[in-house]
Amino acid sequence: MKRPVSVLTLALTALGGPAAAAPLADGGVNLPVIPSARAAGASCTAGSSAVAKAVPWEQRSLGLARVWRTAGGSRGGAGVTVAVVDTGVAAQAPALAGRVTSVGAADGDCVGHGTFVAGLIAAAPSRQVRFAGVASAARVLAVRGTDTRGTATAASLASGIRSAAQAGAEVIVVSPALAQGSAELTAAVAYAAKRDALLIAAAAPDPTGPATASPPPPRDYWPASEPRVLSVLDLDAKGSRPANAPSPLRADLAAPGDGVVGIGPSGKGHYIGSGASLAAAYVAGTAALVRSAHPDLTAAQTAARLRGTAYPSDVPRLDPYAAVTAIRTGAAPKDDGPQEPPVRLASDASARTASHRALAMAAAGVAVGLGVAWAAVIVRLRSRRLPGGGRGGELGQPGA
């Protein structure tokens, strides 16, 4: 049967986007691809010997250098614990040294994916390389949400989310995206919300097949489809997605996630990866900056702030600078119920406008081409409720 053409496929065709994981990083360095799972009997992922010394495109597109100058520099994210529900996090990874605690045996990472995600969130800066995590002073809580080979179930994710919330994580990022949820998973999400943990999840699974493979039709994935979860979609440097990437029906935010640079489970080298789980990591790192800079905000208010300061688009695009620096009017409401309004911003939005302009130009690399391509793609939005009363966009299909 003919697969319906999604708007994301149209955007990709218009822009000529790359494959799921380009072999070359910024600066022409050949980096190995980080896996999301390992086959039974396969050896564990080793450290990379290749080092990306140029500033990765995703850091430029998000304007992280500017964010760090206003968010405490190397102390950005201090006092905030981000739980990574994934394949585990290698506590021995040099860029995370001294800042990883774990639930059970999650401080080991045979696959390497959880360590890569944790590095996007909190990797320490280095004089030798230009890559660093969004919130390099945040603490990482390693939580196993999969088996040791990277396979996740609704039960394993529910257990991971509940354990992360019990351990006191202020931000919880969930990498796996499942085609089916469960009552247990829904209950775990509700439990995390009750503990004031901001839950962020990949809106769709990471691509695993060849670039020529046909993706499944757009659908909901879990736990991203739960109403208390901030769901995140991945984009590449041109604002599009790989042709083989699974697509969700809706997403709350979009962030860089395709062809991004990160760390491995050991050594000082780098890997390259693609997928919505990596975009979710950038949102989680930004959430850590926000909760550190504005400790009076609840998880629901932080979610509303991330959404309210995002760059306007079919799926709003993460703007870390605006999220951290936008001025709130009035005191933060104490009621975290569904009637809570989004955080309101000051009327003078000149700083945010400048940040948005820089984001669009850097992320595209060809600002005019990006603007024309996205303008040509009309997405029908369907609202869904977020923590704090926010609304998400639906990724519609032509003729729907």
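This one's a predicted model, so the numbers in the text were calculated from it and none came from an experiment. Side chains are part of it too, since the values below use all heavy atoms of this structure and drop only hydrogens, waters and symmetry mates.
The only option from Val140, Val171, Val117 that meets the side-chain contact (heavy atoms from CB on, under 4.5 Å) definition with Val82 turns out to be Val171. The side-chain contact (heavy atoms from CB on, under 4.5 Å) test with Val143 is passed by exactly one of Leu157, Val85, Val89, Ile161: Val85.
Identified under the ring-ring contact (aromatic ring centres under 6.0 Å, His included) test for residues 85-109, with sequence neighbours left out: none. Judged as a disulfide bond (SG atoms under 2.5 Å apart), the pairs with a partner in residues 90-122 (not counting sequence neighbours) are, in order, Cys44-Cys110. Applying the side chain to side chain donor-acceptor pair (under 3.5 Å) test to residues at least two apart or on different chains, the pairs with a partner in residues 171-188 are Asp86-Ser175, Thr186-Glu226. The stretch residues 278-312 participates, sequence neighbours left out, in no disulfide bond (SG atoms under 2.5 Å apart) pair at all. Sequence neighbours left out, not one pair with a member in residues 230-250 passes ring-ring contact (aromatic ring centres under 6.0 Å, His included).
For Asp234, the salt bridge (charged side-chain N to carboxylate O under 4.0 Å, His left out) partners two or more places apart in sequence, or in a different chain, are Arg241. Residues forming a side-chain hydrogen bond (donor to acceptor under 3.5 Å, both in side chains) with Thr151 (at least two apart in sequence, or on another chain): none. Residues forming a side-chain hydrogen bond (donor to acceptor under 3.5 Å, both in side chains) with Ser48 (at least two apart in sequence, or on another chain): none. Ala91 meets the side-chain contact (heavy atoms from CB on, under 4.5 Å) test with Val100, Asp107; sequence neighbours excluded. Residues meeting the side-chain hydrogen bond (donor to acceptor under 3.5 Å, both in side chains) test with His270, sequence neighbours left out: none. Scored by the salt bridge (charged side-chain N to carboxylate O under 4.0 Å, His left out) test, Arg291 finds Asp196 as partners (sequence neighbours excluded).
The main-chain N or O of Ser266 is never found under 3.5 Å from a side-chain atom of Gln92 such that the two would form a donor-acceptor pair. A distance-only check finds a donor-acceptor pair linking the side chain of Thr286 to the backbone of Tyr282 [under 3.5 Å]. Between the side chain of Arg144 and the backbone N or O of Gly160, no donor-acceptor pair lies under 3.5 Å.
The two residues Ala152 and Thr146 come nearest to each other via the heavy atoms CB-CG2, 3.8 Å. Across every non-hydrogen atom of Ala197 and Ala169, the tightest pair is CB-O, 3.4 Å. Across all their heavy atoms, Ala203 and Pro248 have their closest contact at O-CB, 3.2 Å. Of all non-hydrogen atoms in Leu120 and Gly262, the two that sit nearest each other are CD2-CA, 4.3 Å. Considering all non-hydrogen atoms of both residues, Ala280 and Ala202 come closest at CB-N, 4.0 Å. The heavy-atom pair separating Gly150 from Val111 by the smallest distance is N-CG2, 3.9 Å.
Here Ser231 contributes atom OG and Leu199 contributes atom CG; the two are 10.5 Å apart, rounded to the nearest 0.5 Å. Going from atom CD1 of Ile34 over to atom CG of Asp206 covers 11.0 Å, rounded to the nearest 0.5 Å. Atom CG of residue Leu235 and atom OG of residue Ser313 lie 8.0 Å apart, to the nearest 0.5 angstrom. Between the CG atom in Leu289 and the CH2 atom in Trp68 there is a gap of 9.5 Å [rounded to 0.5 Å]. Once rounded to the nearest 0.5 Å, the distance linking CG of Asp319 with OG of Ser61 reads 10.5 Å. Put simply, OG on Ser292 and CG on Leu297 are 11.5 Å apart, with the number rounded to the nearest 0.5 Å.
Taking the side chain as every heavy atom from C-beta outward, Arg305 and His294 approach each other to under 4.5 Å. You'll find the side chain of Phe131 reaches within 4.5 Å of the side chain of Ile263, heavy atoms only. The shortest distance between side-chain heavy atoms of Pro320 and Leu64 falls below 4.5 Å. Under the 4.5 Å side-chain criterion, counting only non-hydrogen atoms from C-beta, Thr45 is in contact with Arg38. Contact of the Arg250 side chain with the Asp220 side chain is registered, since non-hydrogen atoms from C-beta on lie closer than 4.5 Å. Within the 4.5 Å cutoff, no side-chain heavy atoms of Leu62 are placed close to those of Tyr321.
Alongside Tyr221, the hydrophobic cluster contains no other residue (criterion: ILVMFWY side chains under 4.5 Å).
Enclosure of atom CZ in Arg130 is not indicated, since only 12 or fewer non-hydrogen atoms of other residues, nucleotides or ligands lie within 6.0 angstrom.
Both the sub-6.0 Å distance and the 45° axial angle are not jointly satisfied by Arg317 relative to the ring of Tyr311.
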Given the rule in the side-chain contact (heavy atoms from CB on, under 4.5 Å) test, do Arg139 and Thr101 qualify, once you have shown the distances and angles that lead to the verdict? CA-CA 8 Å; Arg139 298 195 63 83; Thr101 55; 3.9 Å; yes

May I have the step-by-step check of side-chain contact (heavy atoms from CB on, under 4.5 Å) for Val261 and Trp57, ending in yes or no? CA-CA 9 Å; Val261 173; Trp57 74 265; over 6 Å; no

Can you list the steps and then say if Ile272 with Phe116 is a side-chain contact (heavy atoms from CB on, under 4.5 Å)? CA-CA 9 Å; Ile272 195 166; Phe116 190 100; 5.8 Å; no

Steps toward side-chain contact (heavy atoms from CB on, under 4.5 Å) verdict (Leu230, Leu253): CA-CA 8 Å; Leu230 198 62; Leu253 285 173; 3.9 Å; yes

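Residues Val129 and Leu278 do not share a hydrophobic cluster, clusters being chains of Ile/Leu/Val/Met/Phe/Trp/Tyr side chains in contact below 4.5 Å. There is a path of hydrophobic side-chain contacts, each under 4.5 Å, that joins Leu141 to Val189.
Between the side chains of Thr115 and Asp109, at least one donor N or O lies within less than 3.5 Å of an accepting N or O.
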